[in-house]
Protein chains: 2
Amino acid sequence: MAARDAGSGTVDEDRAGRTGRRGQRLNRNRLLETALHIVDQHGVDALTMRRIATELQVDPMTIYRHVKNKDALLDGVVEQLWSQVWPQGPDSEEWKAVLSHLGRGLRDVMMRHPSAGPLLLSRPVLPGSALVVLKHALDVVKDAGFTEQEAATIVRCVSSVALSDSALRVTYELPQRPHNASGEPDPEQLISLTQLLPPDTPPDLVRVAWTICPPLETDDDFGFTLDLIVAGAEHLRNRA
Amino acid sequence: MAARDAGSGTVDEDRAGRTGRRGQRLNRNRLLETALHIVDQHGVDALTMRRIATELQVDPMTIYRHVKNKDALLDGVVEQLWSQVWPQGPDSEEWKAVLSHLGRGLRDVMMRHPSAGPLLLSRPVLPGSALVVLKHALDVVKDAGFTEQEAATIVRCVSSVALSDSALRVTYELPQRPHNASGEPDPEQLISLTQLLPPDTPPDLVRVAWTICPPLETDDDFGFTLDLIVAGAEHLRNRA
DNA sequence: ACCTGAACACCGTTCAAGT
DNA sequence: ACCTGAACACCGTTCAAGT
């Protein structure tokens with residue numbers, strides 16, 4: 001509304017700003033936080049160098065002082081997401097617990113940042129924050145009696161499932177509803193899902209989409225997936 | 001080199017074209033094929049309405065006659081990829097074989113179109129071609145004695161792993177090498193991988209990256225992953 | 001030397017002008 | 001009525017001009 005800000009910048013900018021501490025000196029961390037914030041609120045497509053700049057009240061070119069280019073920026077966001085996976089050191093050295101922790105941690109990140117999922121899956125370069133987490137899991141599984149190749153397969157399996165299980169879902173595009181224990185479709189959600197599919201989709205296939213991508217998966221549901229993988233791993237170990 | 005084409009279009013355009021049958025009447029299928037071709041050869045970022053248009057020797061706006069907008073185009077490419085998963089009807093009704101077939105089919109698509117991986121994982125809407133494949137797997141697994149929820153979890157697990165197992169890898173960014181059975185790093189590939197990681201990555205973490213994302217995975221390696229999931233599923237069934 | 005922002009070569013899509 | 005392509009509102013990034 002007010003046009004007063006249009007004048008040449010003054011020191012006041014350092015502490016003002018409607019939505020908080022906008023005028024702070026820019027650093028890499030604040031840059032990545034803002035980027036992630038934009039992704040969370042408006043989707044990956046809205047993540048634009050120019051948009052970040054206006055969000056930070058900064059010249060677009062200033063961003064390039066903290067990040068080589070847009071690809072590096074996206075890598076930075078991914079790095080930041082992985083760093084959320086293991087906020088505390090692990091308490092247990094039991095391999096099953098460590099795998100569950102890894103799976104749940106990764107999946108929690110996906111649930112907290114649903115729009116960032118594709119980002120996590122499209123950048124093959126593993127940031128250091130990911131390698132630290134994976135190294136621990138790898139070491140614990142190896143110590144439990146698996147070969148290095150087996151351990152790698154198991155850890156990769158848990159990570160893959162945690163990452164793309166949520167990517168396969170449409171949960172966040174459907175209206176949120178209180179969980180319906182019966183497993184029967186909530187009518188309103190079913191309508192929304194139907195509208196997401198091609199209009200000529202036959203009813204039995206709509207039903208398949210509902211079954212494969214149920215909205216609002218309970219934690220136990222994902223627990224079942226983790227149990228399955230851990231049980232499979234143990235079975236293959238006992239066989240050798 | 002020759003500037004002769006610059007004149008007003010003639011009927012000749014319908015059959016000429018340096019690289020083949022460029023002047024054909026455009027239809028949705030040819031459009032999607034060309035789009036996938038561009039993705040395969042130059043990556044997702046190169047997939048541009050304007051680039052497709054020049055590739056097809058067509059006005060950019062003509063594309064919008066076959067596809068609502070760019071998002072719909074991407075959905076179309078994903079639909080086409082899923083339709084490659086099950087080229088023949090299944091011979092077996094045995095649930096383990098069907099799950100393996102699903103996993104391998106999906107993974108083969110990923111291997112054939114490595115750059116398209118992120119695309120498959122970023123479009124939550126499941127195209128009809130995917131639902132058909134998933135429905136069959138779902139039905140067979142249900143008939144094998146699993147509840148619908150269990151069947152859904154198992155099918156989703158296989159799909160997730162097949163999809164993002166390859167997405168986690170960097171294979172296609174490393175120089176291709178004959179497979180090295182020892183599992184020890186090929187020096188040239190190791191150097192390439194190291195350069196992909198942040199320059200200050202400590203050696204033990206480079207090693208983790210190598211272990212988690214080994215280049216040129218053998219088929220047996222993925223077979224181990226599938227066996228693991230199937231064994232886990234059976235274990236959980238026997239328990240109930 | 002550092003920082004800025006005008007300018008460039010794109011992009012997806014609208015829409016008015018042609019047939 | 002259908003088709004076309006000029007024009008619009010963006011985008012990432014370069015680079016010359018400022019301090």
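So you know, we letter chains A, B, ... as the sequences are listed, proteins then strands, and number each from 1.
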Between P of D:dC10 and CG of B:N69, the distance in whole Å: 18 Å

Integer-rounded Å distance: D:dT4 P and B:I63 CD1: 12 Å

More than 12 heavy atoms of other groups within 6.0 Å of B:D45 CG: no

Atom pair CG/CG of A:L197 and B:L131 - distance to nearest 0.5 Å: 6.0 Å

Residue B:M61, side-chain heavy atoms: nucleotide from C:dT14, C:dC11, D:dT13 that is nearest: C:dT14

Rounded distance [0.5 Å steps], CG in A:D165 versus CZ in B:R156: 5.0 Å

Whole-Å gap separating P (D:dC11) and NZ (A:K70): 9 Å

Euclidean distance, atom CG of residue A:L47 to atom P of D:dG12 [Å, nearest integer]: 8 Å

Nucleotide of C:dT13, C:dT4, C:dC11 approaching B:T48 most closely (side-chain heavy atoms): C:dC11

Test: A:R104 cationic atom under 6.0 Å from A:F222 six-membered ring centre, within 45° of axis: no

Electrostatic pair B:R112-B:D40, nearest N-O below 4.0 angstrom: no

B:R65 side-chain N/O to D:dC3 phosphate OP1/OP2 under 4.0 Å: yes

Electrostatic pair B:R28-B:E79, nearest N-O below 4.0 angstrom: yes

Proximal nucleotide (of D:dT13, C:dT4, C:dG12) relative to the A:R50 side chain: D:dT13

Integer-rounded Å distance: C:dC3 C1' and A:H66 NE2: 12 Å

C:dT4 OP1/OP2 closer than 4.0 Å to side-chain N/O of A:T62: yes

Distance, P atom - from D:dC8 to C:dG18, rounded to whole angstrom: 16 Å

Rounded distance (Å) that lies between atom P of D:dC8 and atom CE of B:M49: 21 Å

Ionic contact status for A:D139 with A:K135, cut-off 4.0 Å: yes

Residue A:D59, side-chain atoms from C-beta onward, closest of C:dT4, D:dT13, C:dG12: C:dT4

Nucleotide D:dC11, atom P - distance to CG of B:D45 in whole Å: 16 Å

Interatomic distance where CD1 belongs to A:I52 and P belongs to D:dT13 [whole Å]: 11 Å

Stem segments of DNA chain D by first residue number [Watson-Crick or G-U, under 3.5 Å, at least 3]: C:4-8 with D:12-16, C:12-16 with D:4-8

